[in-house]
Amino acid sequence: MNNKICQLLNIKYPILQGGMAWIATAELVAAVSNAGGLGVIGAGHMPPDALRKEIQKTKALTTKPFGVNIMLMSPYVKEVMQVVIEERVPVVTTGAGNPGEYIPALKEIGSKVIPVVASVALAKRLERIGVDALIAEGMESGGHVGEITTMALVPQIADAVSIPVIAAGGIADSRGVVAALALGAQGVQIGSRFVASQECIAHEKYKQAVIKAKDRSTVVTGVSTGHPVRVIANKLTREYSEMEKRGASVEELENLGAGKLRIAAHEGDVDYGSVMIGQIAGMIDCIKTVDDIIQDLISGIPQVMTDIKNIVE
Ligand code: TUI
């Protein structure tokens, strides 16, 4: 494979790993990059010094390109942008907002800038500012989500822009990859499937929760606060919706959610923690190595194409 995404990012396969806060650390990132995809550090709410250490650890584990995902709602967003620039990180993806103001500085040092978008309007605006590609992320994804499904969002964005589009949300096997390409994407971003990998540092209980999850195991909380987040339904989400029904303030609700991803991902508290994962978790039933995940995604493509051919002929 050597399409526009592979050429742009200097990688073997057009597979980006989602920049999952507390989960996508140097170990997972280096494994994905070493396997021919693009590993992406999830900066989340990391303070700048912690991010610098994670970048340096990644550089020690791989000589391949990698990225950093910057969460635009982070209180440290300005400082972490500065770290990414000083460390000359080759690829920057952004999430949960409009990265417009940071793009000129990133472009100046030659970083490839690939924002996550959940609407056609933002996709068009960012293309005009000069981003290199876009990740069109559907509401099937885990974590902070938009309102449109991958199936509806990807072709509309692909039609609206001329830069390459990467599809995200609901993709975890070769069928998903082929479907994304059929919708007009030139690459995929995958998060959930990489959580259930050997190299991922997420707590074993978090991985087991992903494996146990069925198609309807996730819910979106935080719609009323303006920060919709997809997580596995548990005691925390039930308490959250009870508070919402009682008319709790935005501040009370945000306080309930604060810090809960860390206690799920690192301490393994999958009852009172925030187990962020996409709807495709229902299809994920085992832990594999990152290399096996990527090899399976790629090697399964010809069979899917044959199956399609047999249906349409
Ligand atoms: O950002 C994500 N996923 C995330 S961020 C995150 S951090 C967090 N940690 C703890 C609690 C809550 C959040 C967890 N998961 N995905 C990328 C993404 N971006 N999805 C949707 C969007 C998005 C939505 C609206 C991007 C831009 C946007 O519009 C901004 C505008 O101005 O139009």
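When reading the values below, keep in mind they use all heavy atoms of this one structure, side chains included, and skip hydrogens, waters and symmetry mates. For ligands, and for the atoms within them, numbers begin at 1 and follow the listed sequence.
Enumerated by chain and number, the residues approaching ligand 1 to less than 4.0 Å through a heavy atom are M71, G95, A96, G97, N98, V116, L122, E137, G143, H144, G146, V229, M276.
Of the charged side-chain nitrogens involved, at least one lies within less than 4.0 Å of a carboxylate oxygen, so that D132 and K107 count as a salt-bridged pair. Checked for salt-bridge contact, E267 and K205 miss the test: no charged N lies under 4.0 Å from a carboxylate O. Using a 4.0 Å cut-off between charged side-chain N and carboxylate O, R230 and E140 make no salt bridge.
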Inset, instruction - Step by step, work out the salt bridge (Lys or Arg N to Asp or Glu O under 4.0 Å) result for D307 and R175. - result: CA-CA 10 Å; D307 293 346; R175 291 172 300 179; over 6 Å; no
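The cluster map of Ile, Leu, Val, Met, Phe, Trp and Tyr, joined by side-chain heavy atoms under 4.5 Å apart, puts M20 and I284 in the same cluster.
With no hydrogens or angles considered, a side-chain donor-acceptor pair links E127 and S162 at under 3.5 Å.
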